[in-house]
Amino acid sequence: MDEPFPGDIGAQADAILTLENAPLPLVVASPDGTIRMANRALRELLGYGPVELVGQEIWSLSADLGASRERWRRLIETGGATEHPAELVRRDGSGVKVSAAAVVVPDEDGAARLIISRAIAR
């Protein structure tokens, strides 16, 4: 896959640092659901270390895998955005209720390139 943040290395570093240090729990995933980056706020909310979530399927964080996969499929198909209540599973197995939202970031041809999701504890 192409670089997640095209452009010069300084702009890429700025984008990564901005996401990493954002106070909102954020995750960046590929259209197939593979987590490419989970920022500090999300990792702290769920109890994970810096790289533990990278490479995992995003719906593996959900207490309702089936609904999460279906919501993801619809999001990719429509290329839009979604917002919904959800329950995420922390590393220790406990649940946390969140307001979840996701938006598709398209490539130059309009196809899904990345998906940025956020989760705010309720």
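Both backbone and side-chain heavy atoms feed into the values below; hydrogens, waters and symmetry mates do not. Just so we're clear, the structure is a prediction, and the values are computed from it rather than from any experiment.
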Apply side-chain contact (heavy atoms from CB on, under 4.5 Å) to residues I76 and I115 and explain how you reach the verdict. CA-CA 9 Å; I76 298 303; I115 295 77; 3.4 Å; yes
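Qualifying side chain to side chain donor-acceptor pair (under 3.5 Å) partners for R73, counting only residues two or more places apart in sequence or in other chains: E70, E77. Partners of R71 by salt bridge (charged side-chain N to carboxylate O under 4.0 Å, His left out), not counting sequence neighbours: none found. Residues satisfying the side chain to side chain donor-acceptor pair (under 3.5 Å) test with R43, not counting sequence neighbours, are E20. When the salt bridge (charged side-chain N to carboxylate O under 4.0 Å, His left out) test is applied to E44, no partner is found at least two apart in sequence or on another chain. Evaluation of the side chain to side chain contact (heavy atoms under 4.5 Å, CB included) rule for D14 yields no partner, not counting sequence neighbours. Judged as a side chain to side chain donor-acceptor pair (under 3.5 Å), and not counting sequence neighbours, the contacts of D92 are S94.
The distance from atom CD1 of I16 to atom CG of N39, rounded to the nearest 0.5 Å, is 12.5 Å. Here CG of L19 is found 12.0 Å from CG of L42. Values are rounded to the nearest 0.5 Å. One distance of note links OG of S30 with CE of M37; it measures 13.5 Å at 0.5 Å rounding. In this structure, OG in S117 is found 7.5 Å from CG in L75, a value given to the nearest 0.5 Å. Put simply, CG on L46 and CZ on R91 are 11.5 Å apart, with the number rounded to the nearest 0.5 Å. Annotation: the span from R36 atom CZ to T34 atom OG1 amounts to 8.5 Å, rounded to 0.5 Å.
Listed for the W72 side chain is a donor-acceptor partner under 3.5 Å among the backbone atoms of P31. Under a 3.5 Å cut-off, the side chain of R122 and the backbone N or O of V98 do form a donor-acceptor pair. Side chain of E52 to backbone of G49: a donor-acceptor contact under 3.5 angstrom is found. No side-chain donor-acceptor contact under 3.5 Å links D109 to the backbone of A111. Distance alone, capped at 3.5 Å, places no donor-acceptor pair between the D64 side chain and the E87 backbone. In this structure, the side chain of S60 engages the main chain of E57 through a donor-acceptor pair within 3.5 Å.
Two residues are said to be in side-chain contact when any heavy atoms from C-beta on lie closer than 4.5 Å; E83 and S99 meet this criterion.
The hydrophobic clustering, which links ILVMFWY residues whose side-chain heavy atoms are closer than 4.5 Å, places L88 and V54 apart. Grouping the Ile, Leu, Val, Met, Phe, Trp and Tyr side chains by contacts below 4.5 angstrom, directly or via other members, places Y48 apart from I116. Note on V27: it does not cluster hydrophobically with V103, by side-chain heavy-atom contacts below 4.5 Å among ILVMFWY residues. The same ILVMFWY cluster, assembled from side-chain heavy atoms under 4.5 Å apart, contains both L114 and L26.
Counting all heavy atoms, side chain and backbone alike, R40 lies closest to N21 at NH1-OD1, 2.8 Å.
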